[in-house]
Structures are given as structure tokens and as C-alpha cells.
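Per chain, numbering begins at 1; letters A, B, ... match sequence-line order. Only heavy atoms go into these numbers, but all of them, side chains included; no hydrogens, no water, no symmetry mates.
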Amino acid sequence: MNRESAVERAGGRALRREGGPGWLVPALLLGILVLSVLRFDLLETVLGIRPRGLLVSRIPLWELALQHLGLVAASSAVAVPLALALGIAAVRFSGSGLRALLVAAGSAAETFPSAAVLALAVPLAGFGFAPTFLALSLYGMLPVLHNTIAGLEGVPEAAVDAARGMGMKPRQVLARVQLPLALPVILAGVRTSVVINTAAATLGAAMGAGGLGLPIISGIRSFDTALILRGAIPSALLALFGDATLRRLEDRARRAAGGTSGGT
Amino acid sequence: MIRFRNVVKSYGPVRAVDGVDLGIDPGELCVLIGPSGCGKSTLLRTVNRMVEPDSGEVFVDGRPVRAHPPEGLRRRIGYVIQSVGLFPHMTVGDNVAVVPRLLGMDKTALSRRVGEMLELVGLAPSWSARWPRELSGGEAQRVGVARALAADPPILLMDEPFGSVDPLTRVRLQREFLAIQRRLHKTVLFVTHDVEEAIRLADRIAVMRSGRILRHAGPEEFVASDAESFVGEFLGLEYGVEILSRRSVREVLRPVGPEESGGEGPGDGAPAVRADASLKEALGLMAARKVECLAVHGTDGRRIGALRMEDVLGTWKACP
């Protein structure tokens, strides 16, 4: 019709076209991660360092990485759906005080250091996988819960009003309008949760949960920087890989939600 | 078709709707007008139970709306809002299809319906593949109207539907909507605070203030209302000129005839107006050119008559 909207329209098309090669970064990171886990010795040769061997674990690095991944995946698999459900309930029954309670509890819990949460889980769940899993699940819920509430409340009121006014039932409004539009924000919360837990899971080694924290803790005990790097570099790469992958999903959800492609 | 009986709705100490009685006949376009905060939107939203009255009763088709489950009721009432509220994650076609889909219309009927609706509001059916973010404000509101009409509801609720588009687009949308309404004869409750819009569209106007209907009458009946009262003040003194926009030059022109070919008609130099122009536009042209007489041209550009100022002003007496 008029020129302005034609320009906007062209912009809209360009927006949708991009994003094809966007999986390159996650794929590259995955490659580097796998390589670093299988052949960390190559990197050590390049850097000219080698652990002194006092406390080097007999467990191969790839096995520690898998333990680490398992910890993060298991805790996220519990934390994300639970937090999503709580967030939806908080918004849906906002009059009941549940929202205020959850937001207050969530903010208070966020100020708690993850190390303290892990330490507190030990008397509850003993040593090993269980306390770490418990603490990571609880801790991982916070960003998802926070973003679910913010995302749902950020859905344009006009869209919700129109949806209700056209005769959608509350559940249909949620499934067909609110959740698709809130999804980018919710996924940003999932990304934060996964990244934080990938880092926090290294502390699990102190609880006997294994994972990439093992070489880090051993390295700290024996003042062995090279050993610390053996845990630190793969776990950092794992976090970067998780971040890049979820960021792609987030961009995709943002385009599907009809907004502009956000961020970098 | 729609009837309000002593409807009251309070928000805290404020009585947003304060005992409204109002009836809207089938096929009538009733404009609810008043200053912002007068309760007109609240009243509109009681019809589809988006707002539940504290007391009183709203009837649709003789049945109290309370007797219907809200979702079922709303699917049979078209709803257009100022902010349009298109779903940004759905294509234009999917937006239009929302209510028919809720009502379980099958796929082939659905896509045909979407095409028909888009054509009805002046958009090509191919637009159904576009996204809301690609639309201008006016285009988005056309889609909003198409969406509200998609399930062919007998009633249409419109809450300042053209309030956020530029004035030129607004007038075009009003014209097109009026043409649609002349074809479909929906029962329309239309909320606005724009007097010109009310005059252009309304079969009847209800003026509202502080939750009450002050006057409910046909647009031409308001001219006599007391200029001192709130109604007169709100409608403004220019109402008498604005109302001329409802009539066209064609209705009062003096045709070119043999008896007029003498000296009475305007000379060749007289400013010309088209027969389908409104009397308001004709009066504007007279005022601008400082003449009392205009030549009237048909759509083909040939002179078909003349218009004198007294014809314009005299229409009041002709139409009580």
C-alpha cells in the first residue's frame, strides 16, 4: 500500500530469511568440546603444560564429562518443567498470592550462593549424586520461574484481550497465545539456568558426584594449575555449547513469535 | 437485539456504569460516545461478558447474557478493539480463521472463508500468508475487522476500532466499514470519542457521561439539543456543519433543465463540486471561494446541475 509499510514488509522478509547457518557456532563448539575431552593432551602439549600427576584421577576425562553432562541434563529435566508449571500457575492465579510468594522466594533464593545450596543439600540427601542433583534442580528452577512469569506477563494485553473476547477458553488462551508469545523469554530463562548449572555442577565433585569438578578440586588441593584446566576448559566449553544451542532455539522462537530477531 | 436494563458496574468507589437502560435494534449501528472514562468501553464489554455487571441485566436476542457460557457467547459476537490485538505469531490468514476454527469449521471451508473475509475488507486473498508485523496500522485494523466478521456473527462490538490510525486512513476505513455494514446489516455497538466518526457512522447515537446515558437519538435529532447542556457542549457547535457530511450534493442539487438555462444557474466560472460529494464538503468549498452557488458535475465530469447555499442550509427543514 504505502511506501513505509512496503519497506517494513521487506524488512520482515529479510528477518525471516536469515538464521540458516546459525547452527555453525553450536556445531563448532561441540566439535571443540569433544576434541578437548578426548584429546586434552594435545592442548596441554600446545600450551606446554602437564599435570604433575600427584592427584590425577584414573577416570578418563570423557567419562567425567559425561557424568557432568548427566548431572546438568537430569537436574534441568526436573527444574525446567517444574518451574514452568509453577510460573504458569503463579500468573494464572495471580490473585491468590502465589505469584507474590514465588517471586519473593525466588528473589531471596537467587541471592543464595550456589555453593551454599550444595552444602545444605548434603545433610538432606547424603553424599554423591543425590545432593548435587537436588541442589542443582532447585537452583536451576529460579531463572526459569522468573522468566516464565516475566514472559507471560509481557504478552501484549491486547492479544490476550482479543483472544478472550473471541471466545477462547483460559486454557486455549494459554496454549495458543500466551505460551507461544512468551516462549523466547522462557527459553532465555532455560539458557541461564543451564549455563549456571553447568558451572555449579563442578562444585558437585566436592559432594562426591564426580564430573568435571573432580580435576578442578584435585588441582586446587595440589596447587596444580594444569590439572585445574583439565576440568575448567571442558566445563567452560560445555557451558558455551549449551548457551549457543539454546540461543539458537531462542532466536527461532522469537521469530515464530512474530518479533524481530533479537540480540546478536 | 441488544438491551441493557439498569446495568451497574463499579470499580471501587467509582461507578463506571451507573444504571444504563439502552436498546439496540437488529441491524442498527449504535454509536456510544462520551469523554474518556465515561464508562462506554465498560458498558460495551458487558455484552460479551468481558465485564460482569454488579447489577442489572444485559440481553442479547431476548436472553440474558448470564444464561450463556462466556466462551460460547463470545464466539457469536464479533469483537474489534483499538489496539487490534492481532496475534503476532500467526499469519493474517490464521488470525482471521481463529473463531471459525474454534467453532470447528473444516479446512477447505476455512480457507475459502478467510479469502472472502479479506476481500470483504479490501485486501487480496493472497494477504493471508503475510505476518501482522508486515502490516500498516490501517491494514492491521482491516484484518481485525475481517477476523471479527469471520464467523458471521449477528452482533459486532467495536471499541474505538479506528482510534489509532491516521485521520485519512480513518476516514477511508469508516467509509469502507459503512459499505460493509450496508451489505451485512449487523447489529453494531460502536464506541468512540470522535464526534465526526459518530456522525458518519451512526444510525443512533448514545451520549454518555459518568456512567450514564444522557441522550439517545438519531444523529439528525441532536441538532436541536440545548447548546448549554453537556450534550451540546460535547458535540460542539460545529455539529450543525458536521451533520451535513451525512448528505450528498446529489440529494439537493437543482438539475440543469430548460427552465434554468436562463440566468439563474451559476456561470461557467463557478467552482464545481461532484454530485457524490457531501454537503459539508460543498459548504466548505463555498466558504473557501466565497460564493453562494456551485456548479455540480457528474462522475463523468459533465455539468448536471447547480447547488445553492440555501439548498444546503434548507435541508434541515426538509428532514425533521
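Annotation: residues 71-85 of chain A contacts chain B through no residue [non-hydrogen atoms, separation under 4.5 Å]. Interface with chain A: from residues 54-62 of chain B, no residue qualifies, criterion being any non-hydrogen pair under 4.5 Å. Residues of residues 148-166 of chain A lying within less than 4.5 angstrom of chain B, judged on heavy atoms, are A158(A), A159(A), D161(A), A162(A), A163(A), R164(A), G165(A), M166(A) in numerical order. Close approach to chain A, defined as a heavy atom under 4.5 Å from one of its heavy atoms, is seen in no residue of residues 151-166 of chain B.
Contact check on E176(B) versus R172(B) returns no salt bridge, with no Lys/Arg side-chain nitrogen under 4.0 Å from an Asp/Glu carboxylate oxygen. The pair E250(A)-R191(A) meets the salt-bridge criterion, since a charged nitrogen lies less than 4.0 angstrom from a carboxylate oxygen. Remark: D243(A) engages R247(A) in a salt bridge, criterion side-chain N to carboxylate O under 4.0 Å. Note on R200(B) versus E197(B): no salt bridge recorded, every NZ/NE/NH1/NH2 to OD/OE distance being 4.0 Å or above.
Atom NE2 in H68(A) sits 5.5 Å away from atom OG1 in T198(A) (nearest 0.5 Å). For the atom pair L22(B) CG and I2(B) CD1, the distance stands at 9.0 Å (nearest 0.5 Å).
Put simply, the side chain of S193(A) does not reach to within 4.5 Å of the side chain of M141(A), judged on heavy atoms. The shortest distance between side-chain heavy atoms of V31(B) and T192(B) falls below 4.5 Å.
Side chain of K9(B) to main chain of E52(B): a donor-acceptor pair is present (N/O by atom type, distance under 3.5 Å, no hydrogens or angles). Side-chain N or O atoms of Q141(B) include one that pairs as donor or acceptor with a backbone N or O of I81(B) at under 3.5 Å. At least one donor-acceptor pair closer than 3.5 Å links the side chain of Q181(B) to the backbone N or O of K186(B). The backbone N or O of P13(B) lies less than 3.5 Å from no partner atom in the side chain of S10(B), so there is not a single donor-acceptor pair. In terms of modelled atom types and a separation under 3.5 Å, the side chain of R74(B) and the main chain of N48(B) share a donor-acceptor contact. Counting only distance, with no hydrogens or angles, the side chain of D203(B) and the backbone of E28(B) share no donor-acceptor pair below 3.5 Å. Formation of a donor-acceptor pair under 3.5 Å by the E71(B) side chain with backbone atoms of G167(A) is not found in this model.
By the 6.0 Å contact criterion, NE2 on H89(B) is enclosed, its count of non-hydrogen atoms from other residues, nucleotides or ligands being greater than 12.
A cation-pi arrangement is present between R147(B) and F87(B) under the rule of less than 6.0 angstrom and at most 45 degrees off the ring axis.
In this structure, chain A has no heavy atom under 4.5 Å from any part of R76(B).
Counting heavy-atom pairs under 4.5 Å between each of Q82(B), M50(B), M90(B) and chain A puts M50(B) at the top.
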